[in-house]
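Report on the following structure.
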There are 2 protein chains.
Amino acid sequence: MCVVSLIPIRPGLEPERRDAARNRELLLRAARELIEECGADGLTMGTLAQRAGVGKGTVFRRFGSRAGLMMTLLSDAEAGFQGRFMFGPPPLGPGAPPLERLIAFGEERIAWVLEFGELARAADVSAYNRFDVPAAVLWHRHLEMLLREAGLTADPWLMATSLSAVLEPERILHAVRVHQIAPERLAASWRELVSRVVRGA
Amino acid sequence: MCVVSLIPIRPGLEPERRDAARNRELLLRAARELIEECGADGLTMGTLAQRAGVGKGTVFRRFGSRAGLMMTLLSDAEAGFQGRFMFGPPPLGPGAPPLERLIAFGEERIAWVLEFGELARAADVSAYNRFDVPAAVLWHRHLEMLLREAGLTADPWLMATSLSAVLEPERILHAVRVHQIAPERLAASWRELVSRVVRGA
DNA sequence: AATAGAAGCGGACCGCAGTCCGTTTTGATC
DNA sequence: GATCAAAACGGACTGCGGTCCGCTTCTATT
């Protein structure tokens with residue numbers, strides 16, 4: 001089960017120093033606590049450092065940026081989703097016809113956003129190249145592959161880009177939270193969209 | 001030619017005080033200069049105030065936020081685009097069949113993003129409800145109407161949301177600038193997408 | 001012209017993300 | 001156990017968007 005990680009895995013033979021490892025654990029634990037208490041948007045890097053009992057520089061050394069921290073916190077959830085659509089049971093995983101996999105992909109993604117969306121938004125915001133983050137690239141490739149398998153010949157790469165846009169956390173959350181759109185209605189619209197996109201070659 | 005404005009128009013009989021009007025002109029002129037010199041991302045509210053020779057508070061009183069300033073600067077361009085798709089000549093304006101209008105809408109929007117996109121990105125970023133800004137609502141309604149006219153019965157409102165997502169400035173700019181996608185290729189993909197969406201009732 | 005109060009002004013101030021650099025900790029080597 | 005370079009640390013510092021509030025300027029009224 002080869003899952004793409006959101007943060008650069010330390011390449012093999014260069015172990016982490018003990019204080020670094022300890023501080024990383026402290027920081028992750030503190031971050032989860034703070035998000036529990038104040039929500040993802042309410043977490044600040046300063047209070048995080050304070051809560052974990054480390055300096056602010058340490059936080060940024062570890063995660064690079066606020067978005068980087070959020071991505072690290074998301075990585076478990078991302079990995080789960082990735083595992084399911086790449087190696088899990090059909091119709092999301094391999095084995096089902098491509099259109100059904102596309103439909104299932106959207107449905108699962110919508111459910112995923114509803115569960116982890118706040119974190120995802122916090123991770124996306126102000127990430128200048130949020131489209132080139134490994135997980136986003138992987139989803140894109142997956143969609144492109146499914147489109148090809150479904151027989152779409154007209155620029156599957158760009159069509160995958162468009163479909164990714166439709167599933168962006170920010171828009172989904174906005175539809176659900178502000179416009180009170182039921183998740184099933186989002187899923188139905190997605191089904192309609194991808195069906196039409198791949199219909200007839 | 002009734003064009004929706006991006007900033008709340010002062011309702012009728014309450015004229016602007018003369019110093020306020022003068023400062024607004026100073027600020028807009030200074031903002032355009034600074035963007036010319038440093039780019040939209042390089043403009044800071046502090047330097048803008050300094051350049052215009054006013055206090056920082058005045059800038060925020062005038063425009064509310066950085067995003068508000070950018071929207072004000074965009075409003076001419078927005079108004080032009082709005083006028084063209086609502087009242088201009090076909091195929092973008094009324095008179096052409098809905099599918100052709102949809103296609104033209106995307107093509108014009110892509111061209112528009114390539115011209116004013118940096119500003120549009122600066123306006124979008126961190127506008128929590130950027131989807132509810134008057135211009136965005138108008139585009140959305142327009143797309144929805146065209147979809148209905150084209151005979152789409154399956155949730156035109158959400159489908160319009162999805163199509164709006166595809167045309168977001170951030171994604172278009174990313175495709176062109178980072179992935180070197182030619183604008184014509186974007187337009188072709190859009191054409192393919194909307195054709196398939198409305199094909200067959 | 002005098003006046004009053006509302007509208008506008010300005011810049012000190014706040015909280016935040018992110019940087020910098022002198023100091024401390026760590027673990028491999030002898 | 002002593003030594004040392006590399007890695008990690010921490011918190012003062014910067015620059016930003018945005019707020020606040022005492023002061024100034026305008027305009028309507030007389």
Side-chain angles (χ1 to χ4, degrees), chain A residues 8 10-11 13-28 30-31 34-35 38-73 121-130, chain B residues 7-8 10-28 30-31 34-35 38-73 121-130:
Chain A
R10 177 168 292 272
L13 289 320
E14 204 176 316
E16 203 174 31
R17 241 170 68 166
R18 214 174 19 255
D19 50 351
R22 180 184 44 105
N23 280 338
R24 198 188 57 225
E25 289 314 311
L26 284 173
L27 282 167
L28 288 177
L34 282 173
I35 286 174
C38 322
D41 293 339
L43 178 147
T44 76
M45 301 303 263
T47 52
L48 172 59
Q50 203 168 352
R51 173 72 71 106
V54 305
K56 212 169 148 187
T58 303
V59 183
F60 281 92
R61 156 174 295 268
R62 202 51 62 205
F63 303 108
S65 69
R66 194 170 183 281
L69 167 67
M70 297 298 178
M71 286 185 187
T72 304
L73 290 172
R121 264 192 58 247
D124 272 358
V125 163
S126 86
Y128 182 62
N129 41 5
R130 66 187 210 217
Chain B
I7 50 172
R10 177 170 293 271
L13 289 319
E14 206 176 315
E16 202 174 32
R17 246 172 64 169
R18 213 172 17 256
D19 51 351
R22 178 184 45 103
N23 280 337
R24 198 188 56 226
E25 289 314 310
L26 284 173
L27 282 166
L28 288 177
L34 282 173
I35 286 174
C38 321
D41 293 339
L43 178 146
T44 76
M45 302 303 263
T47 52
L48 171 58
Q50 204 168 352
R51 171 72 72 106
V54 305
K56 213 172 147 186
T58 303
V59 184
F60 281 92
R61 154 172 297 267
R62 203 52 62 206
F63 304 108
S65 69
R66 194 169 183 282
L69 167 68
M70 297 299 179
M71 287 185 186
T72 303
L73 291 172
R121 263 193 58 248
D124 272 357
V125 163
S126 87
Y128 180 62
N129 40 5
R130 65 187 210 218

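In this text, all values refer to a predicted model and were calculated from it rather than measured experimentally. Any value given below was found using the heavy atoms of this structure, including those in side chains, with hydrogens, waters and symmetry copies removed. Reminder, nothing fancy here: chain letters follow the sequence lines and each chain counts from 1.
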Taking only the side-chain nitrogens and oxygens of Asn23(A), find out if one of them lies under 4.0 Å from OP1 or OP2 of dA8(D). no
Would you say Thr58(B) places a side-chain N or O within less than 4.0 Å of OP1 or OP2 belonging to dG8(C)?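 Checking dG8(C) against Thr58(B), no side-chain N or O comes under 4.0 Å of OP1 or OP2.
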Could you tell me the separation between the [atom1] atom of [X] and the [atom2] atom of [N], rounded to a whole number of Å?
{"X": "Leu27(B)", "N": "dG10(C)", "atom1": "CG", "atom2": "C1'", "answer": "12 Å"}
{"X": "Met45(B)", "N": "dC14(C)", "atom1": "CE", "atom2": "C1'", "answer": "17 Å"}
{"X": "Arg24(B)", "N": "dC9(C)", "atom1": "CZ", "atom2": "C1'", "answer": "16 Å"}
{"X": "Leu69(B)", "N": "dC16(D)", "atom1": "CG", "atom2": "C1'", "answer": "15 Å"}
{"X": "Leu26(B)", "N": "dC9(C)", "atom1": "CG", "atom2": "C1'", "answer": "13 Å"}
{"X": "Phe63(B)", "N": "dC9(C)", "atom1": "CZ", "atom2": "P", "answer": "11 Å"}

Worked verdict on Thr44(B) versus Arg66(B) for side chain to side chain contact (heavy atoms under 4.5 Å, CB included): CA-CA 8 Å; Thr44(B) 76; Arg66(B) 194 169 183 282; over 6 Å; no
Could you check which of dG8(C), dC16(D), dA17(C) has an atom nearest any side-chain atom of Arg62(B)?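 Given the options dG8(C), dC16(D), dA17(C), the side chain of Arg62(B) is closest to dG8(C).
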Heavy-atom pair of closest approach, residues [X] and [Y]:
{"X": "Leu69(B)", "Y": "Ala31(B)", "result": "CD1-CB, 4.3 Å"}
{"X": "Ala30(A)", "Y": "Arg51(A)", "result": "CB-CG, 3.6 Å"}
{"X": "Ala40(B)", "Y": "Met70(B)", "result": "O-CE, 3.6 Å"}
{"X": "Ala49(B)", "Y": "Val59(B)", "result": "CB-CG2, 3.6 Å"}

Using five base pairs at each end, measure the axis-to-axis angle across the helix from dA1(C)-dT30(D) to dC30(C)-dG1(D) and round it to 10 degrees.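 End-to-end axis angle for the helix from dA1(C)-dT30(D) to dC30(C)-dG1(D): 0°, rounded to 10°.
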To the nearest 0.5 angstrom, please state how far the [atom1] atom of [X] sits from the [atom2] atom of [Y].
{"X": "Leu48(A)", "Y": "Lys56(A)", "atom1": "CG", "atom2": "NZ", "value": "11.0 Å"}
{"X": "Arg17(A)", "Y": "Arg22(A)", "atom1": "CZ", "atom2": "CZ", "value": "10.5 Å"}
{"X": "Arg61(A)", "Y": "Asn23(A)", "atom1": "CZ", "atom2": "CG", "value": "11.0 Å"}

CA sep, side-chain torsions, deciding dist, call: Thr58(B), Phe63(B), side chain to side chain contact (heavy atoms under 4.5 Å, CB included): CA-CA 9 Å; Thr58(B) 303; Phe63(B) 304 108; over 6 Å; no
Any salt bridge between Glu16(B) and Arg62(B), counting N to O under 4.0 Å?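 So Glu16(B) pairs with Arg62(B) through a salt bridge.
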How would you summarise protein contacts on nucleotides 21-30 of chain D per nucleotide, using B for base, S for sugar-phosphate only and - for none, with heavy-atom distances below 4.0 Å? ----BSS---
For DNA chain D, which residues in residues 46-56 of chain A have a heavy atom at a distance below 4.0 Å?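 Of all residues in residues 46-56 of chain A, the ones placing a heavy atom under 4.0 Å from DNA chain D are Val54(A), Gly55(A), Lys56(A).
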